[in-house]
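First the structure, in the form of structure tokens, and then the observations on it.
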Amino acid sequence: MNNEVRVRFAPSPTGYLHLGSLRTALFNYLFARHNNGKFILRIEDTDQSRKVEGAVENLINILNEMGLNYDEGPGVGGELGPYFQSERLEIYKKYCDELLANGHAYYAFETAEELDEMRKVQQMQGKQTMYDRRARVLTENEVKEKLASGIPHVIRLKVPLDTEIRFTDIIRGNVKIETNLVDDQVLLKSDGFPTYHLANVIDDHLMQITHIIRGEEWLTSVPKHIILYNAFGWEIPKMAHVPLILNPDKTKLSKRQGDVATEDYLKKGYLKEALLNFMTLLGWNPGEGEEKEIFTKAELIEKFSIERVNSAGAVFNVEKLNWMNGEYIKNYDIDSLTVLIIPYLNAGGIDTSDLIKTKRVIFAIRSYISKLDEAAEQAKLYYSDVTLTGEHIEIVKSETSIQVFDALAKKIEAITEITTDNFKPVLSEVQKETGVKGKNLFMPVRLALTGEEHGPELGMIAYVLGREEVLKRLRKLL
RNA sequence: GCUCCCAUCGACUAGGGGUUAGGUCAUCACUCUUUCACAGUGGAAACACGGGUUCGAAUCCCGUUGGGAGCGCCA
């Protein structure tokens with residue numbers, strides 16, 4: 001039981017689930033499931049100024065929708081809660097006092113303006129911008145006085161000087177940094193809320209997290225965390241900093257260059273299975289000569305290992321996602337796919353009350369679309385009336401075309417039902433009878449049935465339209 | 001600017017001292033379909049550079065260059 005793997009996804013509720021966060025959550029989830037461990041959701045809502053209404057609910061919804069269900073966290077409970085950091089303020093306060101008492105932290109009283117000024121000077125001198133630790137020299141009495149007079153204050157980490165911090169990251173190997181370059185990070189803000197660094201370390205320890213799997217952007221703050229673990233005398237969890245997801249120009253994936261919210265992709269008609277599959281393969285792969293690209297969730301869980309996560313960032317390539325999504329659509333269970341597509345057809349103004357027809361249409365269009373939101377456009381020709389323009393009218397009105405339509409209509413009247421493969425033989429017979437062949441035969445029929453020069457094969461179109469509709473469209477031109 | 005991280009086709013990646021450097025997306029050609037797609041076949045396409053170590057380096061080491069991230073009382 002004590003060796004149980006416990007990982008967490010610890011987002012701050014910004015109102016949507018960023019694709020980068022989705023992948024971090026995904027890796028945590030896969031790692032937990034692979035190891036029969038626990039996947040915990042913790043909400044990092046310590047920034048009062050960035051509160052967003054409904055953000056937490058939205059986050060939980062998306063996580064559930066994506067099938068990344070967690071074992072402990074908001075809504076499902078757990079022994080080591082609460083799982084909202086805003087409800088754990090007392091805990092942070094207590095541990096911060098401990099740090100103060102042991103000399104690992106100290107009070108500081110600078111204003112935001114003073115700190116800005118300090119950084120400006122450092123920048124000009126070509127130094128790393130960081131707190132100059134000036135409040136360290138305050139005497140006990142000076143501190144007492146300032147506290148008594150009610151000057152706003154923060155509590156900062158007292159970084160041990162002139163030494164270095166080394167740690168091993170599962171993905172990156174050994175990393176080291178001199179402590180003189182580590183900032184005396186603010187631990188407790190003047191509003192009494194903890195910063196990420198304090199809350200994160202305390203919660204990970206208290207929630208018995210064994211592996212911290214998070215984005216690469218946290219790598220440089222690991223030394224601060226290690227100093228904290230050491231100050232508390234706690235065991236340091238294993239760490240894995242996963243590479244970033246990049247824009248095509250290799251910068252960190254950002255809103256400015258396209259959609260970054262998971263819900264946007266869902267809305268556009270990417271299947272969650274495809275999205276999961278694709279995101280997992282961004283920065284990870286099963287290796288060992290595996291040449292498959294499509295994996296079920298169960299397969300991913302079985303094969304996933306954090307050691308095989310790449311160390312370099314990965315560009316988010318929508319084209320490959322499109323391809324993969326198309327693969328999923330082509331192979332999806334037709335009934336399930338129908339349920340998923342109907343809303344998109346309705347949104348495109350298509351009446352789906354005839355379920356039999358709807359299913360036929362979906363069967364016909366599934367290999368033509370890579371996203372669900374393309375469905376209505378592809379389905380249109382099976383619903384709307386045919387309107388011909390310009391030279392199409394001439395083609396349809398030509399003498400041979402009329403002969404073809406007439407012969408074809410008669411043949412169809414003689415059969416009871418059009419199937420996916422009895423339409424072509426009928427056309428062949430028409431060809432024999434009328435002597436019209438090639439483009440002169442097929443194009444008029446195509447135009448008569450769809451009004452378009454291009455489209456699916458005629459047999460499929462005729463099957464989906466059905467006998468009555470085909471006859472109707474032919475007769476209209478006679 | 002400073003610190004840290006990273007480096008195989010355009011993109012995602014496999015490989016990890018001796019390989020014709022493999023696969024997928026995209027791209028190109030051909031085939032199929034008398035349409036467009038789908039599908040199939042084939043092609044073009046990469047080890048950033050320079051030094052070492054070694055009989056041998058894309059692979060190990062160092063450096064250079066390039067890219068990224070971090071440097072908040074945000075997370």
Side-chain angles (χ1 to χ4, degrees), chain A residues 10-14 21 44-50 85 108 110-112 115-116 119 122-131 152-156 169 171-173 175-178 180-183 185-197 199-200 214-223 241 243-244 246 248-252 278 281-294 308 310-324 326-327 330 365-369 378 437-443 446-447 450 452-459:
Chain A
S12 59
T14 53
S21 302
E44 310 228 329
D45 55 350
T46 56
D47 187 355
Q48 290 307 94
S49 64
R50 292 218 288 184
Q85 289 191 327
E110 291 77 23
T111 63
L115 294 174
D116 279 347
R119 283 185 203 106
Q122 288 169 334
Q123 181 92 40
M124 267 160 43
Q125 293 172 336
K127 292 183 188 160
Q128 170 152 12
T129 54
M130 62 189 285
Y131 183 60
H153 66 274
V154 297
I155 295 170
R156 285 182 180 272
D169 184 275
I171 296 170
R172 274 145 225 291
V175 181
K176 70 169 182 191
I177 184 172
E178 294 173 50
N180 289 6
L181 267 3
V182 177
D183 204 358
Q185 182 66 47
V186 169
L187 301 176
L188 211 63
K189 302 180 239 180
S190 55
D191 64 2
F193 278 70
T195 59
Y196 170 86
H197 306 279
N200 197 261
R214 82 239 289 184
E216 190 188 337
E217 66 266 34
W218 294 109
L219 192 63
T220 43
S221 45
V222 170
H241 287 85
L244 299 173
L246 275 21
D249 70 356
K250 306 261 185 190
T251 54
K252 188 171 162 181
F278 179 75
L281 257 26
L282 219 48
W284 176 85
N285 76 87
E288 283 180 51
E290 179 66 81
E291 291 188 348
K292 233 165 66 147
E293 298 276 333
I294 309 286
R308 286 200 59 85
N310 266 289
S311 43
V315 172
F316 181 82
N317 181 204
V318 194
E319 288 193 328
K320 187 159 182 181
L321 207 212
N322 288 345
W323 163 78
M324 188 173 282
E327 290 296 302
K330 264 176 247 163
I365 65 171
R366 70 189 311 189
S367 59
Y368 283 82
I369 61 176
Q378 287 295 326
K437 55 186 172 180
K439 210 171 177 183
N440 290 337
L441 170 68
F442 289 89
M443 196 46 74
R446 177 172 293 283
L447 288 172
T450 69
E452 303 280 345
E453 279 184 51
H454 307 299
E457 59 173 299
L458 283 173

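From a predicted model like this one, the values you see are computed outputs, not experimental measurements.
For B:C38, its base never sits under 3.5 Å from the side chain of A:S367 at any donor and acceptor pair. Side-chain atoms of A:R172 and base atoms of B:C5 include no donor and acceptor less than 3.5 Å apart. For B:U34, its base never sits under 3.5 Å from the side chain of A:K439 at any donor and acceptor pair.
A:N310 places no side-chain N or O within 3.5 Å of a backbone atom of A:A312 that could act as its donor or acceptor partner. A:D183 places a side-chain N or O within 3.5 Å of a backbone atom of A:Y131 that can act as its donor or acceptor partner. Side chain of A:K252 to main chain of A:E217: no donor-acceptor pair is present (N/O by atom type, distance under 3.5 Å, no hydrogens or angles).
Here B:G67 presents its P atom at 17 Å from CG of A:L244, a figure rounded to the nearest Å. Residue A:Y131 contributes atom OH, which lies 17 Å from atom C1' of B:C71 at whole-angstrom precision. Note: NZ (A:K320) to C1' (B:G10) measures 13 Å, nearest angstrom.
Phosphate proximity of B:U3 to A:N180: absent, as no side-chain N or O sits under 4.0 Å from OP1 or OP2. In terms of phosphate contacts, A:K330 brings a side-chain nitrogen or oxygen within less than 4.0 Å of OP1 or OP2 of B:A39.
Nucleotide B:G70 is matched to B:C2 when pairs are restricted to Watson-Crick or G-U wobble geometry with both distances under 3.5 angstrom. Across all strands shown, B:C38 forms no Watson-Crick or G-U wobble pair with both key distances under 3.5 Å. Across every strand in view, B:A7 sits in a pair with B:U65 that passes the Watson-Crick or G-U test at under 3.5 angstrom.
Rounded to whole Å, the separation between the P atoms of B:U59 and B:G52 comes to 14 Å. The C1' atoms of B:A48 and B:C74 are separated by 36 Å, rounded to the nearest whole Å. If you take atom C1' in B:G40 and the same atom in B:A58, they sit 33 Å apart, rounded to whole Å.
Using a 30° and 60° split on the angle between ring planes, A:W218 and A:Y196 fall in the parallel class, below 30°.
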